[in-house]
Engineer: 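Next up is a structure, given as structure tokens.
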Amino acid sequence: MIESPSSELLMHVADYFKVLAEPSRLQVLCTLKQGRRNVSEIIQHTGLGQANVSKHLKTLAQAGLVRRYPQGVAVYYEIADSTIFPLCDLVCQRLRQRLEEQSQAVSQLVNNFS
């Protein structure tokens, strides 16, 4: 028999997904998917403010999703856990499938009333 995950493990899983539940953090991750960037470059690519980007980078670093690399006066960030992208792709595929199913249901409903 397969054991249920412990409450502690489920709490960590929930915390991980909370980090990903913020669209701005997903923007930052997508920007870093292209490679190592400093805060200014991330701001330029996302359109987010400096304080906002810094806050999100701190959260992402604490979650182990990004790494910081000080270089002179700048700090660069890069993806530390590349498994995040297949996970996001899986979620996107499922959402796309759900939207297609909903669209088909609406079309069918409209056709029934036409």
Side-chain angles (χ1 to χ4, degrees):
M1 180 189 286
I2 298 175
E3 288 186 43
S4 296
S6 69
S7 295
E8 186 178 347
L9 176 60
L10 292 175
M11 184 181 70
H12 289 292
V13 171
D15 287 343
Y16 186 83
F17 281 107
K18 281 180 196 174
V19 170
L20 299 177
E22 168 57 52
S24 296
R25 283 189 207 118
L26 295 174
Q27 274 186 283
V28 170
L29 288 170
C30 288
T31 298
L32 293 174
K33 186 176 184 180
Q34 308 306 316
R36 189 182 286 190
R37 300 200 190 280
N38 65 30
V39 173
S40 297
E41 293 168 328
I42 294 168
I43 290 167
Q44 190 175 24
H45 284 274
T46 62
L48 300 170
Q50 190 274 328
N52 206 4
V53 168
S54 294
K55 178 183 77 168
H56 291 310
L57 286 167
K58 180 180 178 182
T59 300
L60 290 166
Q62 288 172 339
L65 293 171
V66 300
R67 274 190 287 270
R68 331 176 51 236
Y69 289 97
Q71 289 185 346
V73 294
V75 176
Y76 286 82
Y77 293 85
E78 72 178 15
I79 298 297
D81 182 358
S82 61
T83 63
I84 190 63
F85 297 114
L87 177 63
C88 288
D89 288 343
L90 181 64
V91 171
C92 288
Q93 288 171 10
R94 180 60 189 125
L95 289 173
R96 203 172 298 121
Q97 181 183 15
R98 231 176 105 206
L99 287 172
E100 287 174 12
E101 290 168 358
Q102 289 174 348
S103 177
Q104 288 173 0
V106 168
S107 293
Q108 198 171 27
L109 187 62
V110 168
N111 289 337
N112 288 341
F113 285 103
S114 298

Engineer: Is it true that L65 and V75 fall in one hydrophobic cluster, defined by side-chain heavy atoms closer than 4.5 Å?
Structural biologist: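 Yes; V75 is reachable from L65 via cluster members.
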Engineer: Using the side chain to side chain contact (heavy atoms under 4.5 Å, CB included) rule, take L32 and I42 through it: C-alpha gap first, then chi angles, then the decisive distance, then the call.
Structural biologist: CA-CA 8 Å; L32 293 174; I42 294 168; 3.9 Å; yes
Engineer: Taking atom CZ as the centre, does R94 end up with more than 12 heavy-atom neighbours from other residues, nucleotides or ligands that are less than 6.0 angstrom away?
Structural biologist: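 Yes, enclosed.
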Engineer: May I ask you to check whether over 12 heavy atoms, not counting those of Q44, lie within 6.0 Å of atom CD?
Structural biologist: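 Count not over threshold, so no.
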Engineer: Just checking, is any N or O donor in the side chain of S54 or Q50 under 3.5 Å from an acceptor N or O on the other one?
Structural biologist: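 Yes, side-chain donor-acceptor contact under 3.5 Å.
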Engineer: Please walk me through it: do Q108 and Q104 pass side chain to side chain contact (heavy atoms under 4.5 Å, CB included)?
Structural biologist: CA-CA 6 Å; Q108 198 171 27; Q104 288 173 0; over 6 Å; no
Engineer: For a 4.5 angstrom cut-off between non-hydrogen side-chain atoms, does I79 reach F85?
Structural biologist: yes
Engineer: Using side-chain heavy atoms (C-beta onward) and a distance below 4.5 Å, is Y16 in contact with D81?
Structural biologist: yes
Engineer: Provide the closest heavy-atom pair for R25 versus T59 in the form atom of the first, atom of the second, distance.
Structural biologist: NE-CG2, 3.6 Å
Engineer: Determine whether the side chains of Q93 and R96 contain a donor N or O and an acceptor N or O closer than 3.5 Å.
Structural biologist: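 Result is no, nothing qualifies.
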Engineer: Do the side chains of Y69 and L57 join up, straight or via other hydrophobic residues, at under 4.5 Å, putting them in one cluster?
Structural biologist: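 No; tracing contacts between hydrophobic side chains, which count when under 4.5 Å, never links both residues.
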Engineer: Minimum heavy-atom separation for A80 and G64, please, with both atom names.
Structural biologist: CB-O, 3.5 Å
Engineer: What is the minimum heavy-atom distance between T31 and T46, and which atoms define it?
Structural biologist: OG1-CG2, 3.4 Å
Engineer: Transitive ILVMFWY cluster of V91 at side-chain heavy atoms under 4.5 Å: who else is in it?
Structural biologist: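 Besides V91, the hydrophobic cluster comprises L95, listed by chain and residue number.
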Engineer: For F17 and L87, which heavy atoms make the closest approach, and how far apart are they?
Structural biologist: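 That would be CE2-CD2, 4.2 Å.
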Engineer: Please report the shortest heavy-atom distance between I43 and L48, naming the atom on each side.
Structural biologist: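 Of all heavy-atom pairs spanning I43 and L48, the closest is CG2-O, 3.2 Å.
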Engineer: At what distance, to the nearest 0.5 angstrom, does CG of L20 lie from CD1 of I84?
Structural biologist: 4.0 Å
Engineer: Mark yes or no for whether E41, through its side chain, and N38, through its backbone, hold a donor-acceptor pair below 3.5 Å.
Structural biologist: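 Flag set: sc E41 to bb N38 pair under 3.5 Å.
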Engineer: When rounded to the nearest 0.5 angstrom, what is the spacing between CG in L26 and NE2 in H56?
Structural biologist: 10.0 Å
Engineer: When rounded to the nearest 0.5 angstrom, what is the spacing between CZ in R36 and OH in Y76?
Structural biologist: 9.0 Å
Engineer: Decide if atom CD of E8 counts as having more than 12 heavy atoms of other residues, nucleotides or ligands within a radius under 6.0 Å.
Structural biologist: no
